[in-house]
Each structure stands twice: as structure tokens, then as C-alpha cells.
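Right, one structure below, let's go through it.
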Number of protein chains: 2
Amino acid sequence: MPEKARVVRPITLRDIAREAGVSINTASRALTGKPDVSDKTRRLVQAVADRLDYRPNQLARGLRQRKTATIGVVVADLANPFFAEVAEGIERTAAGEGYSIIVANTEENEERERRAVHTLVERQVDGILIAPTQSSDASIRYLLQRRIPVVLLARFFEHLQVPAVINDDREGARLAVRHLIQRGHRDILYLNGPPYNSSARLRLSGYQDALQEAGIPFRSSLVISTDARAAGGYAAIQQALAAGLPFTAVFCFSDYVSFGAIRALRQARLGIPKDVAVMGYDDIDLAGLVEPALSTVHIAKTRLGQVAARMLMGMMEPSGKQAERVGVTVLAPQLVIRESA
Amino acid sequence: MPEKARVVRPITLRDIAREAGVSINTASRALTGKPDVSDKTRRLVQAVADRLDYRPNQLARGLRQRKTATIGVVVADLANPFFAEVAEGIERTAAGEGYSIIVANTEENEERERRAVHTLVERQVDGILIAPTQSSDASIRYLLQRRIPVVLLARFFEHLQVPAVINDDREGARLAVRHLIQRGHRDILYLNGPPYNSSARLRLSGYQDALQEAGIPFRSSLVISTDARAAGGYAAIQQALAAGLPFTAVFCFSDYVSFGAIRALRQARLGIPKDVAVMGYDDIDLAGLVEPALSTVHIAKTRLGQVAARMLMGMMEPSGKQAERVGVTVLAPQLVIRESA
DNA sequence: TTGTACGCGTTATCAA
DNA sequence: TTGATAACGCGTACAA
């Protein structure tokens, strides 16, 4: 007959206290490094805790302290290298300060975002980092109203005063398109992201800025909205080619879109950059590894995550700044010229 | 003088109870869908809760129930598309069942893994999914000893009986190398991962299997260990070329390694697959988008995450299976022939 | 069907 | 310097 598995009850402060012959209170103070504990008892308690491998229950601690050392991270798509790198920057920074992160995916879905935010609130996270689906700002307003520290990632709302860490999208697009123009292109296709996305709007402005500087008239027919994925870039190029749109260069909303676009161009037997130049945006890891190496606009993704996390942790301190006083941090984009343009 | 910001105290069950004119207990039972509550009071309580936008404190609930509906996820590198996709599969599955995930990165560092596991234990996660750094099994043994449900991701320990969801690495490598042999290659370089990694060992076996089947003698000089990153693949090829190693094909531990290898081959003016055929492993998103499109071995990454999450959630149920009875799930790899080999 | 009392494990307050 | 006591917000016996 098999022995019944003995369920090991976790060691609590009470166990430590009993074993060390002190009160629970004293055990707590000793272990949390509070003053007003004699060195002798502190060492004793510490020794017992070590021996029993005591692990404080952070649930109980959080309940009591109204502070969980947890940050909620809400992104559109974890599998997207852009967000994955941002998340990595956040995780590293948070872990360094003793914070854990709860991660939720929205897939750009408003309802999933709503649920994710509620879940995080119920789990008493100390603050939230979120790349908002911008079809609605309800979740953000909800957090503001509940006075929960929040910092937006990579996107922002013009009409809402919320701290954010973003890339200078307008400038980045300007740099990219200016580069294409310098290489002699005048018919530049722009495969943009979805219009509700703040980056998409700003990059479109940057695209227009660069054209205007060069005295090239803007043609809305050369701007195609995509879903910002590779398939979108692929489809958009096919569509452009079929429609007989005249272009010698393509500026893409993201590196992913570029990869799709390049694939479609190749299938049409167009050489890159010989026949058509291509520029991406984001500078994901693989951009420099493919053939032709992708010319693109670099965003400091881990840095973005790191800065956002630091900003949030600052707001979460007892004496931390209020959201209204934090503002928006804008990261400078950087042009990366490789082979595709 | 600025008005002092009134901190809005969160709504608790007590507030609901008072407002609805019932006891806290009744409020709780009404909201958690327990029986023994009249429809009338249930509706009343529910209405009050909705009106006040009540959010149950999951810390308190978890403390009381000894169950947090939280899964700890420990991976080597979130920014690696492989783990990012696995994580996505986990998140989706978990969220669908009301679970949240706390994510930690180890960067293959044993010490970070140790800390991550302790943190998760202290936060009372109901179970842990982990891609173990395999330089040590201490963290895994710790979890087993504490009887915390754990499922390994993509890697496993021969000497430890721990549930795991893995890819059939040996078979995958066999398929890849067999394919190269069928294309007429006999001098096949293998850029392997680090030797402590279980996948690296198994894929090496698969490589040897395929050679043996074809009666090709194994030469250890054709196996180079890399750090499984693009830079590693790049360096390994340079080294192989410099050493004058004879090879007409390269099998790589991962797609990332392939990209690095391809870059180095190109710089040496070698055509792919004309002069050298290249096969990867993983089939990350971008493998099919680059030029030449990468031939590789497909791993169902989101599926791996999904299966692992389901397995873990099964073990976490009160009547759930014990770890010893769960076993290892092996996912079948799939050969994907594109252009590079 | 409803309410009272207690405990989950911790920290904070206050008195000794 | 230490200890008793009361929370934190919720769920669960048990009694009404």
C-alpha cells in the first residue's frame, strides 16, 4: 500500500517565532531588517529562518501593506519582436528592483484589454504599463479615475494627459523618407499601419513633412493602410502593383511589413534596392541579418521598456509624482542604412 | 492652494454588504455564485456591486483559499521569438481559464533562475512552467520537494522524473539531416547549441542517426558548439572556413544560428543553396519571409505553450494528477522545405 | 436562507 | 528591545 503523501505545510512566521522562542512580531521585524531588534535575536531568528527555508507569503504581506511589488504589463502581441524586446527591458528593470510582472496580451482587442486591466486591478498591481489598443481609451480612463499609476508604451492619446514613453514617430518617418528622397526617389509608397494607431498617424505626418521639404506633392493614392503584419505588406504591394501605382521606393510601417513587401516585390521580379528601395521601421533583431539587410529606423526597444518601468516605479513610490506631473518621454529614433535602401 | 487629492478607498465586500443591507457573508456568497442565496438578494447584491464597480481583492481571496489562479513562467529569453511564441500560447490558454501569468527571464543564468523560482514561490503561484537553464537542476528539485506543480518547457532532465512538453529533437534533427543527405550532401556541418542543453544533445544524436542510416561516418570535427545565437552561427562558419573544413551543407541548432551562418557564407561569396545548403530549426515567423526562405524544422511553439499550460492546470486541480503520473508529452517536429536547402 | 465568528500570514500600533 | 493585539479583505464553519 502506497504511503499517503504528506503535504508539507509551508513554513510561516509563526513557525520561526516558536522555534526561535520569540514573538511573531519580533520574528517579522528581525527578518525585514527593522531597527529596534537586538543583534543577538536578529541573528537567532535569521538562523532559524534559513534553516527552515522560510519564504514570506507575499500575498499576506501585500494585503497588509497595500503594496505588492507587482507591475502589470499589457501589450498587443507578445510574439511580436517589438513588444517582446520592450517586455524584456521592463522585466529586467523591474526584477532589478524586486518587482515582478504580470503579463497580458490584448491582440489589439478592446474587450481583451478591458478584461486584462480589470484582472490586474483585482490583483492589486502597484502600477500598469500598457500599449493601448487605441480603438478606445476606456481602459486608460478607468485607470486614471482609480488613480492607478499608468505609463503608456509606444503609443499615446493626444486628448488624455497620461505619462508615456514613445518613439519620435514623426521624426523617424521624416528621416526615413528624407533618406529615400536623397537617393533620388520621388514616387514613394507608404504602407502605413491602422489609422487609429497614434504611431501610424504621426509617421504619416513625417512622411508628408519630408515630401514637403523636397517640394514633392503628396498623393494620398500612395498611402495604403495595412494591419502592420507581414501578410499586410505582402498584400499591399500586390495591390499596388495590380493598380499600376507608380513607385520606386516603399516606406513601411514596420520591419515586418517590409519583409512581406519585399517578398511580394521579389515575386514580381523586382530587384531590391535596384528597382525598388525599401525602408522599414523598428529595427528588430533580424533586420540586419537578412538579405538584403534591411535599412530601417531604429527604436531603442529595451530602453523604452526600461525607461517606462523606471518612470512607473517612480510614480508608485509613496512620495512619487502624480501622473499629471510626469509627462511624456520621447526617445529619438535613429536612421539605420543597410542594403535595402 | 491646491485641493488635496482625495484618495478613493477601494470598494470592499463590506461596502457592498452595507449598501445592500445584508451581511458580508451573504454578499460574498451572492457574488461568487454559491447556492443558498435567494434570487432576490442575489440580484440586489449584484446590482449594488455593479453600481459601485466592485473588484474583489484577489490577494485576500488567494490568502484565504490558498489558490491564486496564477502561473509562474520562467524562460531563458523573452526576446527570443521561440520563447515569445511559447509564452503567447501559455498566456492565451491561461487567460482563457482565468489564470494570470507572472513572467521571469533567466538569460540562461542559474542564479537568476534560482531567484525567479523563489520569488514565484513566495507569490504563491499555483504552478510553474519553466525552460530550465540546464547547468543545474537545483531549482527544479526545489520545486519538486515543495510539491509545487511544475512542467518543463522544451527541455528536460533524463535523471529527473518531471512532467515536460518537448519537441522530438532527435527525430527533428534526423529529418533535417536525412533531407540534406537525400539532396546528395555527405559533408554536413552541424552548428550545435551548448552541450548542457538537452535539445542540443538529442539533436546531435539525430544528426548521427541520419549519417549512420546513410552509411556516412561521423566526424566530430564537423560539429561545432555555439551559443545558439546569430553571432554564434556567424563566428562558427568563419571558423570552419578558416580551418578549411570540407562541407557542402550546414545544419543549425536554430533559425537564429542559421541567419548568422548564412550571413557569413554570403560574405565568403558562397551561394545558398547552390554552394552550401542551410537548414535551421524552430521555424520562427520570419523563416519563411527572408531570402532565401529558410528550410527548417517546424516546432509548434504556441501549441507547446498551450499543451504545457493545460497540463499544469490539470496538475493544479485539487484532484489533479501527481507529477509522477503526468509524464512527458512529445510534440512531433515537421520538416519544412523552402529554398535554403 | 441568512448572519456570526474565525482564520489565512503578514505588518503596524501601542503598551510593557 | 520586545510582545500582545488589531487590522488587511475575503471565504467557510457553524449557528440561527
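Note that the coordinates shown come from a computational prediction; the quantities given were computed from them, not determined experimentally. Within every chain, numbering begins at 1; the chains are lettered A, B, ... in the order of the sequence lines, protein sequences first and strands thereafter.
B/V74 pairs in a side-chain contact (heavy atoms from CB on, under 4.5 Å) with only one of the listed residues (B/L129, B/L120, B/L153), which is B/L120.
Distance B/Q65 CD to C/dC6 P: 21 Å, rounded to the nearest Å. Note: CD (A/Q58) to P (D/dG9) measures 18 Å, nearest angstrom. For the pair B/D39 CG and C/dT1 P, the computed distance is 9 Å after rounding to whole Å. In this entry the distance linking CD of A/Q124 with P of D/dC8 reads 13 Å, nearest Å. In this structure, B/I24 atom CD1 and D/dC14 atom C1' are separated by 17 Å, rounded to whole Å. Note: CD (B/E122) to P (C/dT11) measures 11 Å, nearest angstrom. B/L59 has its CG atom 21 Å from the P atom of C/dG7, to the nearest Å. Counting to the nearest Å, the C1' atom of D/dG9 and the CZ atom of B/R18 are 14 Å from each other.
Neither OP1 nor OP2 of D/dT2 sits under 4.0 Å from any side-chain N or O of A/T26. For A/R64, no side-chain nitrogen or oxygen approaches OP1 or OP2 of D/dA7 to under 4.0 Å. The phosphate of D/dC10 has neither OP1 nor OP2 within less than 4.0 Å of any side-chain N or O from B/R29. Taking 4.0 angstrom as the limit, A/T41 places a side-chain polar atom (N or O) nearer than this to OP1 or OP2 of D/dT2. In this model, the phosphate group of C/dT2 is approached by a side-chain N or O of B/S38 to a distance below 4.0 Å at OP1 or OP2. Distances shown here put every side-chain N or O of B/R66 at or beyond 4.0 Å from the OP1 or OP2 atom of C/dC8. At D/dG3, one or more side-chain N or O atoms of A/S23 fall inside 4.0 Å of OP1 or OP2 (strictly under the cut-off).
One side chain, A/R123 or B/S100, offers a donor N or O that lies under 3.5 Å from an acceptor on the other. The closest side-chain donor-acceptor pair between A/T106 and A/R115, if any, does not fall under 3.5 angstrom.
Here B/D36 lies in heavy-atom contact (under 4.0 Å) with a base. Here A/K34 lies in heavy-atom contact (under 4.0 Å) with sugar-phosphate atoms only.
Considering only the side chain of A/R14, C/dC8 comes nearest among C/dC8, C/dT11, D/dG11. For B/A60, whose side chain is taken as the heavy atoms from C-beta onward, the closest listed nucleotide among D/dC10, D/dC8, C/dT2 is D/dC10. Set against C/dT11, C/dC8, C/dT13, the side chain of A/S28 has C/dT11 as its closest nucleotide. Comparing atom distances between the B/Y54 side chain and each of D/dC10, D/dG3, C/dG3 picks out D/dC10 as nearest.
Salt bridge B/R155/B/E108: present, at least one basic N to carboxylate O contact under 4.0 Å.
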Side chain to side chain contact (heavy atoms under 4.5 Å, CB included) evaluation trace for A/Q306 with A/R92: CA-CA 8 Å; A/Q306 177 193 330; A/R92 189 181 310 154; over 6 Å; no
Steps toward salt bridge (charged side-chain N to carboxylate O under 4.0 Å, His left out) verdict (B/E88, B/R303): CA-CA 10 Å; B/E88 184 170 66; B/R303 179 114 216 291; over 6 Å; no
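Positionally, the nearest nucleotide of DNA chain C for B/P35 lies more toward the 5' end than for the other of B/L63 and B/P35.
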